[in-house]
Amino acid sequence: MCLAVGISPAWALEPPENAKRLDPKSPVWIDEARTCVMVDGKVVLREGVLEMFACPAGTKEHESVVAVDTKAYLVHTGLLLVGAEEGTPVRFQPEYKPPTGTEIEVSIEWTADGKPQKARAQDWVRNADTKKAMDLPFVFAGSGFWTDPDSGKQHYLADAGDFICVSNFGSAMLDVPAPSSASNNELWFEPFTERIPELGTEVRLVLTPKKKDAAKPEAPEVKPEAETKPAEAKPAEEKTPTSKAE
């Protein structure tokens with residue numbers, strides 16, 4: 001069962017503190033201190049087959065757990081502002097190549113019985129075969145644009161629904177870096193019903209780019225004394241210093 005929702009300038013959750021709104025008509029913010037993007041929406045699906053974890057409202061609620069009250073391109077812009085790097089969408093020809101891009105941690109915040117709750121997006125999605133929570137990350141594939149040949153206007157592809165995907169789509173903004181499809185005997189997913197609050201629950205998605213691990217400096221090589229006797233040492237090769245071009 002799914003719940004259809006529409007985009008509205010009114011939303012129930014209080015705006016997050018110390019965050020900057022990206023659009024006056026949409027509940028989407030960036031928090032530069034936490035280096036994350038926040039967007040509000042509702043639970044719209046608890047049973048069925050998933051192709052998305054989240055979609056923009058009014059698009060693909062019949063196959064998404066959450067519908068957000070914003071256009072996908074605004075969240076894309078926010079991710080760039082907090083340091084995420086878009087990669088490349090999935091490719092199927094001439095051979096399968098998974099989507100690439102900065103790994104994005106997606107968490108959900110909501111209130112139940114007056115108490116704040118939090119979960120990972122993966123906790124609300126399960127493998128339809130194993131019945132275990134999804135163990136794949138989301139990557140910032142970046143979607144793409146389509147140009148209307150009549151008007152010349154550009155349209156961001158993910159705005160049509162492919163916002164945070166659990167099945168591979170070339171138009172996905174966030175995607176999973178593994179072959180995933182409900183129709184090709186690959187990985188496929190469904191809502192983890194027992195963990196998802198009731199339909200219509202107001203939620204806030206928090207998208208945080210995963211920081212790259214700092215490169216570890218290599219330890220200097222130390223040779224045993226037997227290999228560094230003065231009699232065996234060779235004179236250092238003289239080098240002419242180079243100067244930088246002006």
Side-chain angles (χ1 to χ4, degrees), residues 7-43 52-57 64-88 99-125 133-143 156 158-159 162-166 172-177 195-197 201-217:
I7 296 176
S8 169
W11 48 86
L13 300 179
E14 289 294 325
E17 296 182 0
N18 304 316
K20 181 190 301 182
R21 192 191 304 277
L22 288 184
D23 180 78
K25 296 182 179 180
S26 301
V28 55
W29 301 265
I30 61 169
D31 187 322
E32 295 177 341
R34 293 171 58 192
T35 61
C36 67
V37 181
M38 290 166 281
V39 56
D40 290 355
K42 294 179 181 179
V43 173
M52 270 65 64
F53 169 73
C55 69
S64 305
V65 177
V66 172
V68 296
D69 293 329
T70 187
K71 295 289 188 180
Y73 80 87
L74 283 172
V75 181
H76 181 129
T77 301
L79 287 172
L80 293 176
L81 289 173
V82 296
E85 296 179 4
E86 60 182 297
T88 56
T100 65
T102 297
E103 185 176 326
I104 306 296
E105 296 178 359
V106 181
S107 59
I108 316 142
E109 297 177 354
W110 76 103
T111 300
D113 300 323
K115 298 179 181 180
Q117 309 290 325
K118 187 174 182 179
R120 299 187 316 143
Q122 286 88 340
D123 295 334
W124 284 14
V125 178
M134 187 177 82
D135 59 0
L136 294 171
F138 293 105
V139 296
F140 185 25
S143 190
Y156 184 60
D159 282 339
D162 301 339
F163 175 48
I164 303 178
C165 298
V166 297
M173 191 196 82
L174 298 190
D175 204 347
V176 292
R195 297 180 176 180
I196 302 173
T201 298
E202 299 278 348
V203 297
R204 174 165 292 154
L205 302 185
V206 181
L207 284 65
T208 307
K210 188 173 181 180
K211 295 180 180 179
K212 295 181 179 179
D213 293 333
K216 295 182 179 180

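Throughout, residue positions are numbered sequentially from 1 according to the sequence presented. Quick note: numbers below take in every heavy atom, side chains included, and nothing from hydrogens, waters or symmetry partners.
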Sub-4.5 Å side-chain heavy-atom contact between Leu81 and Leu22: yes
Side-chain donor or acceptor of Gln122 paired with backbone N/O of Leu136 under 3.5 Å: yes
Least distance between heavy atoms, His76 atom then Tyr156 atom: ND1-OH, 2.7 Å
Gln117 CD: over 12 foreign heavy atoms closer than 6.0 Å: yes
Rounded distance [0.5 Å steps], CE in Met173 versus CE in Met52: 13.0 Å
Distance in Å, Asp123 CG paired with Ile108 CD1, rounded so as to fall on 0.5 Å steps: 7.0 Å
Ring geometry between Trp124 and Phe53 (parallel below 30°, tilted from 30 to 60°, perpendicular above 60°): tilted
Atom pair OG/NZ of Ser107 and Lys118 - distance to nearest 0.5 Å: 4.5 Å
Exam field: side chain Thr102 to backbone Pro209, donor-acceptor pair closer than 3.5 Å: no
Member of Val82, Val206, Asn18 meeting the side chain to side chain contact (heavy atoms under 4.5 Å, CB included) criterion with Arg34: Val206
Results of side chain to side chain contact (heavy atoms under 4.5 Å, CB included) for Thr100 - residues two or more places apart only: Thr88
Pairing residues for Ala33 by the side chain to side chain contact (heavy atoms under 4.5 Å, CB included) criterion, not counting sequence neighbours: Asp31
